[in-house]
Every structure is written in structure tokens, then in C-alpha cells.
Amino acid sequence: MGIFGKLFGSLKKTKENFSSKLRMLFSKNKLGDEFYEELEELLISSDVSVTTAEEVVERVKEQAIDERLKDEEYVTELLRGVLTEILEEAEVEDPAYPCVIMLVGVNGVGKTTTVGKLAHYFLQQGKTVTVAAADTFRAAASEQLSVWADRAKVRIVKHEEGSDPSAVVYDAVSSAKAKKTDVLIIDTAGRLHVKDNLMNELKKMDRVVTREYPEADFLKLLVLDATTGQNAVNQARVFDEAVELDGIVLTKLDGTAKGGFIFSLSQELSLPVIFAGVGEKMDDLEKFDSKTFVEAIL
């Protein structure tokens, strides 16, 4: 079973919950102002931000009026199409090689585990991979990454605990260039997005990669716990301001009951979800697919 086969199973309750509320909405209201107001409330209750919910409803409303649609099935299909469009508008092309991927995010979202899974993903694509243990702050972080690197059978660059993370990044870039590695994946320490000194440290690592490896496609991906809810958008906004994010990696997507903030990330910040995880195994992380996700929740 592929990851999105698992996703359909894990989001079954969410789909049933949302669909049942939508059916109730159709049974109560004809397509008028009250219907659209309640549709907006339904989206907000699923962790879609107010701004994005308003945008979604406005698009659905315009198309429904233009096409004179009143049938429940057609309007549901219209909603599905609008939600898919919003995700696809933020999509980016696959990375070019050589590629550097720096993972950032708050504590406890699964960055180190995600490094291992990403390494496995790129190996499956036939690429060579090196990982960098630039989380020199958390005790045993590099040892944890070493375990994942060993599982994925990829090279790791690491320094002693307490070392300068930018020095690790510098050495990892030098190593990747020398060995002509396709993908360098950088693990970074979890940091609260309100701590300026830690965000400045991220900016320094960003500058090292940009300066030392200008020929590489450099992606800065925010790792988000899918159970975070609306706070995910606030986190993304601050990290985006610091290092100009290129996209999102979602972890624990199988644990969320809502997930509507994904649409807000796309619509308000133009940040696409690039990878998604629905389990603990090495191969439980794959490319995110907009259409399949919308199908799984609606």
C-alpha cells in the first residue's frame, strides 16, 4: 500500500466528519448567503484560516453562480476543485541536482527522523546522499542521526556536541562538492520561532550554503507536525521571514483530525507541502500530492 493508500485510511474519520457536515448543510439550506456563511464556518472548524476560508467560499460561490449549479454533488465537486487549485497554485518543480535541503522547525516535530526518511527517498530515486548533523545543541542528536544514516546507508558529516552548526554545514558542503553528491540534507536544532538569536543562527547557516555552493539548488523546508493546527501558519510565517522557506514537510499526517491549515499555507504564504509522512517506517514519507489529499478529506 502506498503512502496515500495509508493516508486514505488514516483520514477516513476526517472525511466522514466533513462530508456528513456538508450533507447536513445541503439539507438545511439552499445555495444562498446562509449556506455560504455556514460553509465558511465549516472550513474554519477544520483549521482553515478565516482569510483562506473566505477565499475558498468566494471562489466556489462565483463559479456556482456562473454555472448555475445547485446540485449537491456538483457543488461538492466544485469545492474539491477549488481546494485542489489552492494547493496546486503554490506547487514548485522538483529540485535540480546537486541539491541542498536544510530542514528547520521547532522542537519535537521530527526533523532528525525526517532527514533519515528523506535520505531513503532520494536513494530510491537513484541519487547519492550525504547528511549533515548541524543540530549540535541537543544531547545525542548526532548519534540519533547516525542511526538513521546507518539505516539508510548514507554518509554523515558531524562534529562534537556544542560545535558551531555553521562549521558543520561548511564541512558538509565541502564534502558533498568534493564527492559530487547529488543531495545534501542538513539537520538543524529545533528552535522556538520567537528566539531571535536562534533564528540568526539559521540565517548564518543559510549564508554558508549560499556562499559556498551557489551552483546547488538550495531548498529550505519547514518541518511541521500536522497535529499543530492553526499555529502552524504562525510558525511558517516567522521561519519564512528568517530564511525564505521553499516548502513544508508534514509529519504525523496520520494523527491529524483536521489539517485545513495546509490550504492556508498555500494560499497566504505560497508555501507548498512537498513531502508528507504517515508513519514511523523509513518509507513512510513521500511526495505530497494535492489532488489525492483533497480526495482523502472531502
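Every value quoted in this text rests on a predicted model; they were computed, and no experiment measured them.
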Ring geometry between Phe275 and Phe122 (parallel below 30°, tilted from 30 to 60°, perpendicular above 60°): perpendicular
Without hydrogens or angle criteria, can the side chains of [X] and [Y] be said to hold a donor-acceptor pair below 3.5 Å?
X      : Y      : answer
Thr210 : Asp206 : yes
Glu268 : Ser49  : yes
Arg138 : Thr112 : yes
Glu161 : Thr136 : no
Ser290 : Glu91  : yes

Under 3.5 Å donor-acceptor, Ser45 side chain and Leu42 backbone: yes
Exam field: side chain Ser146 to backbone Ser142, donor-acceptor pair closer than 3.5 Å: yes
Interatomic spacing from [atom1] in [X] to [atom2] in [Y] - rounded to 0.5 Å:
X      : Y      : atom1 : atom2 : value
Phe293 : Leu83  : CZ    : CG    : 9.5 Å
Asp284 : Thr251 : CG    : OG1   : 12.5 Å
Leu118 : Met282 : CG    : CE    : 11.0 Å
Leu222 : Leu245 : CG    : CG    : 5.5 Å
Ser175 : Leu184 : OG    : CG    : 8.5 Å
Ile262 : Leu87  : CD1   : CG    : 7.5 Å

May I ask you to check whether over 12 heavy atoms, not counting those of [X], lie within 6.0 Å of atom [atom1]?
X      : atom1 : answer
Tyr170 : OH    : no
Lys204 : NZ    : no
Glu244 : CD    : no
Phe137 : CZ    : no

N-O pairing of [X] and [Y] below 4.0 Å:
X      : Y      : value
Lys252 : Asp225 : yes
Glu62  : Arg59  : no
Asp33  : Lys61  : yes
Glu93  : Lys287 : no

Test log, rule side-chain contact (heavy atoms from CB on, under 4.5 Å), inputs Phe261 and Val48: CA-CA 5 Å; Phe261 68 87; Val48 179; over 6 Å; no
Side chain to side chain donor-acceptor pair (under 3.5 Å) between Thr128 and Asp182, worked out: CA-CA 5 Å; Thr128 53; Asp182 295 319; 3.2 Å; yes
Answer whether the closest heavy-atom distance between the side chains of [X] and [Y] falls below 4.5 Å.
X      : Y      : answer
Gln63  : Val82  : yes
Leu285 : Val249 : yes
Val131 : Asp187 : no
Glu37  : Val57  : no
Phe263 : Val294 : yes
Lys291 : Arg80  : no
Leu25  : Leu39  : yes
Ile248 : Leu265 : yes

Work out which heavy atom in [X] is nearest to a heavy atom in [Y]; give both atom names and the distance.
X      : Y      : value
Cys99  : Pro95  : SG-CB, 3.7 Å
Tyr213 : Pro98  : OH-CB, 3.2 Å
Leu78  : Ala64  : CD2-N, 3.5 Å
Thr52  : Ser264 : OG1-CA, 3.3 Å
Ala133 : Ile156 : CB-CD1, 4.4 Å
Gly116 : Ala152 : O-CB, 4.2 Å

Chi angles and distances behind the side-chain contact (heavy atoms from CB on, under 4.5 Å) call for Asp246, Val92: CA-CA 8 Å; Asp246 296 286; Val92 293; over 6 Å; no
Using the rule that two of Ile, Leu, Val, Met, Phe, Trp, Tyr join whenever any of their side-chain heavy atoms come within less than 4.5 Å, decide whether [X] and [Y] are in one cluster.
X      : Y      : value
Val104 : Trp148 : no
Met199 : Met205 : yes
Val157 : Val208 : no
Val233 : Leu221 : yes
Val147 : Val129 : no

Cation-pi check, Lys220 onto Phe218 ring (under 6.0 Å, within 45° of axis): yes
Asp283/Lys117 under salt bridge (charged side-chain N to carboxylate O under 4.0 Å, His left out): CA gap, chis, key distance, verdict: CA-CA 6 Å; Asp283 59 356; Lys117 291 179 178 179; over 6 Å; no
CA sep, side-chain torsions, deciding dist, call: Ile86, Val56, side-chain contact (heavy atoms from CB on, under 4.5 Å): CA-CA 8 Å; Ile86 282 175; Val56 169; 3.4 Å; yes
Step-by-step side-chain contact (heavy atoms from CB on, under 4.5 Å) determination, Lys177 to Glu215: CA-CA 10 Å; Lys177 286 169 68 176; Glu215 65 270 34; 3.9 Å; yes
Full working for side chain to side chain donor-acceptor pair (under 3.5 Å) between Thr188 and Lys111: CA-CA 8 Å; Thr188 65; Lys111 285 187 301 302; 5.5 Å; no
